[in-house]
Amino acid sequence: MKQKLEALILTAVDTLKNEGVIDAGITPKITIENSRDLQHGDFATNVALVLAKPAKSNPRALAEKIVAALPKDELVSRIEIAGPGFINFFINPDAQFQIVSQILDQGAKFGLSQTGAGQKVQVEFVSANPTGPLHVGHGRGAAYGSVVADLLEAAGFTVHREYYVNDAGRQMDILATSIWLRYLAECGEVVPFPTNGYRGEYVREIAGDIHKSAGNDYRRPAELIVEDIPPDEPQGGDKETHIDALIARAKTLLGVSLYEDFFQIGLKTILQDIRQDLAEFGVNYQEWFSERSLMESGAVEEALDRLRQAGYLYEQDGATWFASSRLGDEKDRVVIRDNGQMTYFASDIAYHMNKLDRGYDKIVNIWGADHHGYIPRVKASIEALGADASKLTVLLVQFAVLYRGEEKVQMSTRSGEFVTLRQLRNEVGQDAARFFYVMRRSEQHMDFDLKLATSKSNENPVYYVQYAYARVCSVLRQLDEKNWERDITLGMDNLNCLREEHEMALLTTLARYPEVLERSALMYEPHQLVHYLRDLATEFHTYYNAHQFLVEDPVIRNARLNLICAVKQVLSNGLLLLKINTPEAM
RNA sequence: GCGCUUGUAGCUCAGCUGGAUAGAGCAUCGGCCUUCUAAGCCGAGGGUCGCAGGUUCGAGUCCUGCCAAGCGUACCA
């Protein structure tokens, strides 16, 4: 609809150019909007206002000339000039009706577009360290990321969803050592648990399982473990050096192979838990990409070599640095520490190099907002590798703060008392969890009210949309009970009897769906879809209260049924994208 | 100190990339169930869009400077 209008306006502008009214060199940026106010027609454009200055003309006068030059089209029933020079278009009602048959014809495909056809996009999200279960913060990234990916797919992109598994590095060593220490406790060895260890209950469970299946195979005497270990924080020492020493001790006492058992079992168990958690939440991936595989395949060395050849690496204080400050980062970054270990950033460079080499047109990373400081250095590394950094988009998701009514829910990873995603799902349910996560702009700090999400009342916005869907279903059931046949063709042939204000409003809203979907996708803003569905539900509920659908007159009845079935279809398409259920009865 | 993000109704948030009289939900107040589900609808009140400048026909939206909140500023991941 908008495209047609745009074409008409362009023709008019061209005519005026030929007449010399407008300088031929000017190409206006035409914006067409859905009018907010019905008095302003269905669509409005500001071309006249934009062109007034370069054309050295009064906007209203110019608007009149443009309107005069507009080709006649049956789509438009009336054109008005308003305010400072807006051109308002009133769409011919007959043209609006076709949306109903279009929706019912296309069904689940209505709204999908081919905008991104032929383009490959990779979306990486969640990527939480596999050192414990996902918590509510990850949940927001999961819901947001999966919907963004699905929206892109709906817009025609080929989407590759990926989880980057940090299965290398110190955090994993801390996990392995934590499990071992808990295991020793199972065996009866008394070793104080380090401040910096993972204290969650799940660590004990994994340790317990190992003890059950392996008995005392991994048991080592407590004296040997604590011998000469520097003190922990409560004893006046440093918790970091303390735990590092414990890790080193674990490796010596167990040997590489046995230590690796703990590492692998911990990784496997937790990763399995994360996968299952996400799958239950409706979040699925094409690939779980291992950081370790980058180290083992030599990809990290290769990436560093490429940076070195490009002249971006230098040695200082025994460490190897990447000169990211030359490419916009605030300071240079260490890639190889003075102890010879690669930093996390080094493998991250290799990972992004790998993504680029895979030939994606777009790379989308969804990160927690606390990682924002990382963006400049990653972009710098991509540029240093000679690639196009604009291919990478990093979307930040702000933390969700949990409330239970007025009361803030405390979360602490240290104590192991944090609220897990699983607990949240169980408490508020799948639909409410997804809806709440995705109904706010991702950059918006979010208050997640558990009480509101759990409430099965009118306070809860999730039910509002679902209820609209269920109501349509209910009407169709009533139709059956009355033994009335639904005559789709009769309804289609008589859509022009849908002249009530509420019906016209529904038609325009329905027609907006494809555009909303595309915008949501291209702007990575699922909340736009959520708001749209809310609006559609509102208009349906209003209509429902204002008019009876199951009326005696079969012509009006079937026309209205077709309209509400179109509403049902669009609600279903939208909710499906959000992976929110469409209950037939509530 | 510097950087990123955010300041819009009592609360939680939208605001379609600069447009017309700033919108919704919750909360408050008042109405609507013998007729398709009242998890709904209709109506009312509620605003210096953090503050101050600037850009222009026009600013919640853009630019500058302040103020406030969250996060980040590691040879941690």
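To find a chain, count down the sequence lines: A is the first, B the second, and so on, and within it residues start at 1.
- The only option from A:Leu506, A:Leu536, A:Val516, A:Leu517 that meets the side-chain contact (heavy atoms from CB on, under 4.5 Å) definition with A:Val570 turns out to be A:Leu536.
- Atom CG of A:Asp167 and atom P of B:A77 are 14 Å apart (whole Å).
- If you check every strand for non-hydrogen atoms under 4.0 Å, A:Lys482 touches nothing.
- Atom CD in A:Glu330 sits roughly 15 Å away from atom P in B:G1 (whole-Å rounding).
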Please evaluate residues A:His445 and A:Arg440 with respect to the criterion side-chain hydrogen bond (donor to acceptor under 3.5 Å, both in side chains), reporting the C-alpha separation (whole Å), side-chain torsions for both, the decisive distance (0.1 Å), and the verdict. CA-CA 9 Å; A:His445 302 242; A:Arg440 303 296 181 214; over 6 Å; no
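- Within the nucleic acid shown, A:Arg534 comes within 4.0 Å of sugar-phosphate atoms alone, with no base atom in reach, counting heavy atoms only.
- Of the possible donor and acceptor atoms, one in the side chain of A:Asn558 sits under 3.5 Å from a partner among the backbone N and O of A:Asp487.
- For a distance-only test at 3.5 Å, the side chain of A:Asn46 qualifies as a donor-acceptor partner of the base of B:G19.
- Phosphate proximity of B:C42 to A:Thr542: present, with a side-chain N or O under 4.0 Å from OP1 or OP2.
- Nucleic acid contact class of A:Ala48 (heavy atoms, under 4.0 Å, all strands): none.
- Using P as the reference atom, B:G46 and B:U64 are 36 Å apart when rounded to the nearest Å.
- Among the heavy atoms of the strands lying under 4.0 Å from A:His527 are primed sugar atoms or P, OP1, OP2 only; no base atom is included.
- Nucleic acid contact for A:Ala470: base, since at least one base atom lies under 4.0 Å from a heavy atom of the residue.
- Both the sub-6.0 Å distance and the 45° axial angle are satisfied by A:Arg326 relative to the ring of A:Tyr312.
- Rounded to the nearest Å, the gap between the C1' atom of B:A69 and that of B:G54 is 26 Å.
- Listed by first residue number, the stems of RNA chain B with at least three Watson-Crick or G-U pairs below 3.5 Å are B:1-7 with B:67-73, B:10-13 with B:23-26, B:28-32 with B:40-44, B:50-54 with B:62-66.
- Across B:G72, B:C75, B:G19, the shortest atom-to-atom separation from the side chain of A:Val50 is found for B:G19.
- Checking B:A74, B:U5, B:U17 against every side-chain atom of A:Glu443, the shortest atom distance belongs to B:U5.
- Around atom CD of A:Glu501, no more than 12 heavy atoms belonging to other residues, nucleotides or ligands sit under 6.0 Å away.
- Among the heavy atoms of the strands lying under 4.0 Å from A:Tyr374 is at least one base atom, whether or not backbone atoms are also near.
- Place A:Ser442 and A:Ala537 on RNA chain B by their nearest nucleotides, and A:Ser442 ends up nearer the 5' end.
- Neither OP1 nor OP2 of B:C16 sits under 4.0 Å from any side-chain N or O of A:Arg512.
- In this structure, the nucleotide among B:A77, B:G72, B:G15 sitting nearest to the side chain of A:Tyr344 is B:A77.
- Remark: the backbone N or O of A:Asn166 is not paired with any side-chain donor or acceptor of A:Asn129 at under 3.5 angstrom.
- Residue A:Arg441 has a polar side-chain atom (N or O) positioned under 4.0 Å from OP1 or OP2 of B:A14.
- A:Asn339 comes within 4.0 angstrom of no nucleic acid atom, judged by non-hydrogen atoms across all strands.
- Set against B:G15, B:A20, B:G70, the side chain of A:Ala82 has B:A20 as its closest nucleotide.
- Aromatic stacking is marked for A:His40 over B:A20, as both cut-offs hold: 5.5 Å for the centres and 30° for the planes.
- Taking the six-membered ring wherever Trp is involved, the centroid distance between the rings of A:Tyr144 and A:Tyr437 does not fall below 6.0 Å.
- Relative to the side chain of A:Phe86, the nucleotides B:A14, B:A20, B:C75 differ in distance, and B:A20 lies closest.
- No engagement by A:His502 is indicated, since no non-hydrogen atom pair under 4.0 Å with the nucleic acid exists.
- Of all heavy-atom pairs between A:Glu503 and A:Arg560, the closest is OE2-NE, 2.9 Å.
- Of the side-chain N and O atoms in A:Gln316, none sit less than 4.0 angstrom from OP1 or OP2 of B:C75.
- For B:A14, the base has no donor-acceptor partner in the side chain of A:Asp535 [N/O atoms by modelled type, under 3.5 angstrom].
- Rounded to a whole Å, the CG atom of A:Leu175 is 13 Å from the C1' atom of B:A77.
- One can place NE2 of A:His372 at 12 Å from P of B:U6, the figure rounded to the nearest angstrom.
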Please walk me through it: do A:Gln430 and A:Asn581 pass side-chain hydrogen bond (donor to acceptor under 3.5 Å, both in side chains)? CA-CA 9 Å; A:Gln430 201 86 326; A:Asn581 287 302; over 6 Å; no
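- Both A:His371 and A:Glu515 sit near RNA chain B, but only A:Glu515 has its closest nucleotide nearer the 5' end.
- Using a 4.0 Å heavy-atom criterion, one finds that A:Asp173 contacts no nucleic acid atom at all.
- Remark: A:Arg534 is positioned above the aromatic ring of A:Tyr464, its terminal NZ or CZ atom under 6.0 angstrom from the ring centre and at most 45 degrees off the axis.
- Remark: the separation of the P atoms in B:G50 and B:U8 is 6 Å, to the nearest Å.
- Taking atom OH on A:Tyr464 and atom C1' on B:G25, their separation rounds to 9 Å, with Å as the unit.
- Atom CG in A:Asn545 sits roughly 12 Å away from atom P in B:C33 (whole-Å rounding).
- On a pure distance criterion of 3.5 Å, no polar donor-acceptor pair joins the side chain of A:His531 and the base of B:G15.
- At the phosphate of B:U73, neither OP1 nor OP2 sits under 4.0 Å from any side-chain N or O atom of A:Arg377.
- Each of B:C75, B:C16, B:C36 was ranked by its minimum atom distance to the side chain of A:Asp338; first place goes to B:C75.
- Taking atom NE2 on A:His445 and atom C1' on B:A69, their separation rounds to 8 Å, with Å as the unit.
- With A:Phe549 as the aromatic partner, A:Arg557 does not meet the cation-pi criteria of under 6.0 angstrom to the ring centre and within 45 degrees of the ring axis.
- When heavy atoms are screened at a 4.0 angstrom cut-off, A:Gln478 is found touching the sugar-phosphate backbone but no base atom.
- As a whole-Å value, the separation of A:Phe540 CZ from B:A38 P is 11 Å.
- Considering only side-chain atoms of A:Gln444, the nucleotide from B:A77, B:C36, B:C13 that sits closest is B:C13.
- Of the candidates B:U6, B:C76, B:C16, B:C76 carries the atom nearest the A:Gln171 side chain, counting heavy atoms from C-beta on.
- Counting any heavy atom pair closer than 4.0 Å across all strands shown, A:His541 reaches sugar-phosphate atoms only and no base atom.
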